[in-house]
Amino acid sequence: MEWETVIGLEVHVQLLTKSKLFSGSSTRFGAEPNTQACAVDIALPGVLPVMNKEAARMAVKFGLAVGATINRRSVFARKNYFYPDLPKGYQISQYELPVVQLGKLVIDVDGERKEIGITRAHLEEDAGKSLHEEFEGLTGIDLNRAGTPLLEIVSEPDMRSAREAVAYLKKLHVLVRYLGICDGNMQEGSFRCDANVSVRPRGQHAFGTRAELKNINSFRFVEKAIEYEIARQIDLIEGGGKVVQETRLYDSVRNETRSMRSKEEAHDYRYFPDPDLLPLQLEAGFIEETAKSLPELPDAKRERFVREYGLTAYDAEVLTGAHEIADYYEAAVRAVPGQSKLTANWIIGDLSGYLNRDNLEVTAAPVTADMLAGLVRRIADNTISGKIAKEIFEAMWGGEGDADAVIEKKGLRQITDGSAIERVIEDIMAQNPKQLEQYRCGQEKLFGFFVGQVMKATQGKANPAQVNELLRKKLSGTPA
Ligand code: ADP
Ligand code: MG
């Protein structure tokens, strides 16, 4: 039997507002437990929620960016359940009428483009946190996160493999960071994903029963958790069993999913419109103004990079993977116009490598866009070779000044004086008569030996193209 996988994702995006969704408490991460939870957040009797306008603006930004319908009127509802970190006994969310509906995101997997539908995106508040490890035999409750604004983005069950799910998730991650509505930090839980997974015999129209996977906090784990779950479901069905609808926890240490609880149905939550909150009404002007504030979006930027800078699709994709990288690239290219490809290579290669090594964001790179441009300029005008440029880059990274300063200080200027190179070659020929004779008797691979000797003698500074050309002449004995 051939099986087909069906995946739909629910992503919780923590919005970058300064204060909470319905109170004035700070949303800053990492504060002492319970120091950022006010009377509204801890649900003292008599308090009333007041909607945060910035959160609405961020939801609208997202909706516009995925071509969705922005509902001019949406309704907050109470989702009732009991949990120690939920002080009100309900979560304020949106149910029947969310603020954003029916959008889409286009993903690309192995060169194949595919549209993934976005069913809805709604505003809701986060719950607090239960701390199980800090206290022996007790559970601690930290309500700092209670009331933090989330945008829950629900996809259609349109994905057919773990890789498609990861591609969708990455696309969404890049987008929310471009929009400036989320910092995207998966470790701190600012961008969380639940994956709904089911399998069906290929060709069957009806969906199979799904399991919902929780606790997946990296792109790699999304892929692994889904792969594991697909295999588990297929084994189960082929062994005569049945998939039950349930919530499963992903354990990244053991790389497996485990049953956590049977899946509740919507009616279990007793949703009803929150009587404390008026429906959210968006004026046309507010939506228009928000539309005007949208930045250039990732896809548009990528296409423009191909068009404007003549980059390959791959290079453009990497450089627009975060708007900070794209900004860095454009600043560098503005400083050395005409070197768009070489500049791209340096960013994708050395700069990214150093950033990774030192665990730095591009905005904190010790080599600024202007400094990189200065280096590229000296490669392009033949002052230095590409190899020496790497040495200079390292020196710049270490704080030794810009490219010109390092070239002067270390005397790294490339030797392009033909007669100087010829003199070096003649010396080397004189010092290695045996190799010279073997070369002349047909041992052509010794050419590399001579190139190496010349580069060594010039500390890598001889222009490589000239070295090659002059060596060919001299070694073969033709008069120069
Ligand atoms: P809930 O909020 O209870 O999890 P929803 O109906 O909002 O339920 O669906 C949640 C997610 O599950 C959506 O992303 C949807 O695409 C996905 N989904 C629904 N049915 C299936 C299925 N049979 N297999 C895989 N994913 C599914
Ligand atoms: Mg769900």
Side-chain angles (χ1 to χ4, degrees), residues 3-13 62 66 68 74-81 83 90-105 107 114-127 150-169 171-173 191-216 222-223 225-234 236-237 242-250 257 259-271:
W3 297 94
E4 183 177 53
T5 308
V6 173
I7 303 163
L9 299 182
E10 294 163 90
V11 178
H12 286 87
V13 164
F62 174 76
V66 295
S74 61
V75 173
F76 287 104
R78 291 185 179 181
K79 180 178 182 180
N80 299 279
Y81 65 93
Y83 207 74
Y90 60 86
Q91 175 193 28
I92 306 178
S93 181
Q94 296 191 306
Y95 183 55
E96 279 171 341
L97 260 181
V99 59
V100 168
Q101 258 175 320
L102 301 178
K104 62 168 197 282
L105 214 57
I107 60 168
K114 181 171 176 182
E115 258 181 33
I116 306 297
I118 291 177
T119 318
R120 57 188 276 150
H122 63 255
L123 284 163
E124 64 183 27
E125 56 177 354
D126 207 345
L150 302 176
L151 188 66
E152 177 172 344
I153 302 162
V154 182
S155 86
E156 288 291 303
D158 284 346
M159 288 153 274
R160 294 291 173 269
S161 69
R163 292 188 59 214
E164 284 186 12
V166 173
Y168 166 83
L169 203 61
K171 200 87 200 245
L172 203 59
H173 189 253
F191 186 92
R192 313 196 281 266
C193 160
D194 300 338
N196 294 273
V197 180
S198 66
V199 297
R200 62 180 171 188
R202 194 171 289 284
Q204 176 183 305
H205 184 69
F207 287 148
T209 305
R210 71 180 149 126
E212 181 175 345
L213 312 182
K214 290 205 180 276
N215 196 35
I216 327 180
V222 171
E223 186 156 357
I226 294 174
E227 294 288 6
Y228 174 89
E229 183 59 20
I230 294 168
R232 186 191 71 88
Q233 291 186 11
I234 293 173
L236 186 64
I237 301 169
K242 253 186 161 173
V243 175
V244 289
Q245 183 161 329
E246 63 182 354
T247 301
R248 299 179 68 87
L249 197 74
Y250 177 63
T257 64
S259 180
M260 195 165 119
R261 56 171 189 252
S262 69
K263 173 79 190 159
E264 14 348 68
E265 301 283 342
H267 65 245
D268 293 326
Y269 287 117
R270 296 295 190 265
Y271 281 100

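Order of appearance sets the numbers: ligands from 1, and atoms from 1 within every ligand.
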Exercise for the section: Find all atoms of ligand 1 within a distance of less than 4.0 Å from any non-hydrogen atom belonging to V154, and give their numbers and elements. Expected result: 13 (C), 14 (O)
Exercise for the section: Consider only side-chain N and O atoms of R210 and S198, and report whether a donor and an acceptor are under 3.5 Å apart. Expected result: no
Handout entry: Per-atom contacts, ligand 1 versus E156 - under 4.0 Å to a heavy atom
Key = 16 (O)
Practice task
Mind checking whether T209 contacts ligand 1 via backbone (N, CA, C, O), side chain (CB onward), both or neither, at a 4.0 Å heavy-atom cut-off?
Solution key: neither
Practice task
Kindly confirm or rule out an N or O of G208 lying under 3.5 angstrom from an N or O of ligand 1.
Solution key: yes
Practice task
Identify, by atom number and element, the atoms of ligand 1 in contact range of V6, meaning under 4.0 Å from any of its heavy atoms.
Solution key: 24 (N), 25 (C)
Handout entry: Pi-cation contact, Y269 with K79 (under 6.0 Å, within 45°)
Key = yes
Handout entry: Pick from R210, R120, E212: the one approaching atom 5 (P) of ligand 1 most closely through a non-hydrogen atom
Key = R210
Practice task
Output yes when a side-chain donor or acceptor of N80 lies under 3.5 Å from a complementary backbone atom of R270, and no otherwise.
Solution key: yes
Problem - For L9, atoms of ligand 1 separated by under 4.0 Å from a heavy atom - result: 14 (O)
Exercise for the section: Tell me, yes or no, whether the heavy-atom count around K171 atom NZ, taken from other residues, nucleotides or ligands under 6.0 Å, exceeds 12. Expected result: yes
Problem - Check against salt bridge (Lys or Arg N to Asp or Glu O under 4.0 Å), E212 and R248 - result: CA-CA 6 Å; E212 181 175 345; R248 299 179 68 87; over 6 Å; no
Practice task
On the 0 to 90° scale, with breaks at 30° and 60°, tag the Y271-Y95 ring pair as parallel, tilted or perpendicular.
Solution key: parallel
Exercise for the section: Examine F207 against ligand 1 and note whether any of their N/O atoms are separated by less than 3.5 Å. Expected result: no
